[in-house]
Number of protein chains: 2
Amino acid sequence: MSHVDILKLHTLKATPQRLCVLDVLKNYGHATLEDIEKQTKLKFPTLSLSTIYRNLNEMVKKGLLSELKLANKKEYYEITKENHAHLVCTKCGSIEDFLIDTNEIIKKAQMSTSNTILDATISFDVICKECLSRK
Amino acid sequence: MSHVDILKLHTLKATPQRLCVLDVLKNYGHATLEDIEKQTKLKFPTLSLSTIYRNLNEMVKKGLLSELKLANKKEYYEITKENHAHLVCTKCGSIEDFLIDTNEIIKKAQMSTSNTILDATISFDVICKECLSRK
DNA sequence: CTGACTGCAAACGTTTTGCACGGTA
DNA sequence: TACCGTGCAAAACGTTTGCAGTCAG
């Protein structure tokens, strides 16, 4: 589905600025606000920070994007995908999707609590291959 | 081990302010900066925000405290404990320790990646018992 | 054509910093 | 006593908001 369609599906107008943000996120996989600002301004030098903030917040609220809270300080954004975890390199900070079945983990965890589990957020600290070989 | 000893172990002086912060964290389990400010000022009305910030940052850096990054906005602090996950209520935001064996999950995940996994951060979205019965 | 969106500048809240004083070890 | 830690005020920072003009549908 095109980014235009995705936006329309979420009752958001397909402005060039929003499309550009989505393009950056698609290319990066996971991007910080700074990443997004830097990249979008290559194409739209006048694009304002407040527009980026507004759009990210709006798209997160509509569920089109997700915020990633990771052990390190920065906040990352990604286009919403279901049922996956992340590998975060403790050396270089790089982030990689990790396609494991979180439902299985939820099912198992559910046996240890009487609270109803709805979802799981899982990330693993790793040393990525690049950092390992660089060492 | 007393809080005085814990501080000394981390080469930090055992000031009344720091001890008070640790007491609050022990009582609360998980506390935001606001929680900590409110509680500590009951005992030390002149305690300054900057001191709280400095101490929290310092104690996190030394590994005495951990920051909890959760899906919701707020940042929580806890006294560092190994090998546990969290249950976060999506209704009321309450946080509970969840004593599952994260090593088992790490071991299993390790089979699906060639990166070396060092640690896992896991939280579950739940509806807590209180919110369920309130409903 | 109309409401949604944008850019700019100003406002806002949170976190950090500089400095002089005070307290722990 | 020496140095680490504190309180206060100001600075710095990231994020949000108000407004007038513009654009997508």
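Owing to the predicted nature of the structure, the values given are computational and were not obtained by experimental measurement.
- Protein atom CZ of B:F44 is 14 Å distant from nucleotide atom P of D:dC8, rounded to whole Å.
- The main-chain N or O of A:K107 is never found under 3.5 Å from a side-chain atom of A:E104 such that the two would form a donor-acceptor pair.
- Atom CD of B:E75 and atom P of C:dG13 are 20 Å apart (whole Å).
- Here the side chain of B:T116 pairs no donor or acceptor atom with the backbone of A:I127 at under 3.5 angstrom.
- Rounded to an integer number of Å, the gap from B:L19 CG to D:dG5 C1' is 13 Å.
- At least one donor-acceptor pair closer than 3.5 Å links the side chain of B:T40 to the backbone N or O of B:I36.
- The nearest whole Å value for the distance from the CD atom in A:E67 to the P atom in D:dT15 is 11 Å.
- Summarising the geometry, the separation between CG on A:L33 and C1' on D:dT16 is reported as 13 Å, rounded to the nearest angstrom.
- Checking C:dT6, D:dG7, C:dT16 against every side-chain atom of A:R18, the shortest atom distance belongs to C:dT6.
- Put simply, CD1 on B:I52 is 13 Å from P on C:dT14, counting in whole angstrom units.
- The distance from atom NZ of B:K74 to atom C1' of C:dG13 is 12 Å, rounded to the nearest whole Å.
- In this structure, B:E78 contributes its side chain and B:K81 its backbone to no donor-acceptor pair below 3.5 Å.
- Regarding A:E37, its CD atom lies at a distance of 14 Å from the P atom of D:dC13, rounded to whole Å.
- Side-chain N/O atoms of A:Q17 include none lying less than 4.0 angstrom from OP1 or OP2 on D:dC23.
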Annotated protein contacts, base or backbone, on nucleotides 18-25 of chain C with a non-hydrogen cut-off under 4.0 Å, one of B, S, - each: B----BBS

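- A salt bridge links B:K74 with B:E34: the distance from a Lys NZ or Arg NE/NH1/NH2 to an Asp or Glu carboxylate oxygen falls below 4.0 Å.
- Residue B:T51 has no polar side-chain atom (N or O) positioned under 4.0 Å from OP1 or OP2 of D:dT6.
- Put simply, the side chain of A:Q17 never gets that close to the backbone of A:S48: no donor and acceptor are under 3.5 Å apart.
- Distances shorter than 4.0 Å separate none of the side-chain N or O atoms of B:N55 from OP1 or OP2 on D:dG5.
- Screening residues 13-51 of chain A for ring pair (Phe, Tyr, Trp, His ring centres under 6.0 Å) gives A:H30-A:H86 as the qualifying pairs, with residues at least two apart or on separate chains.
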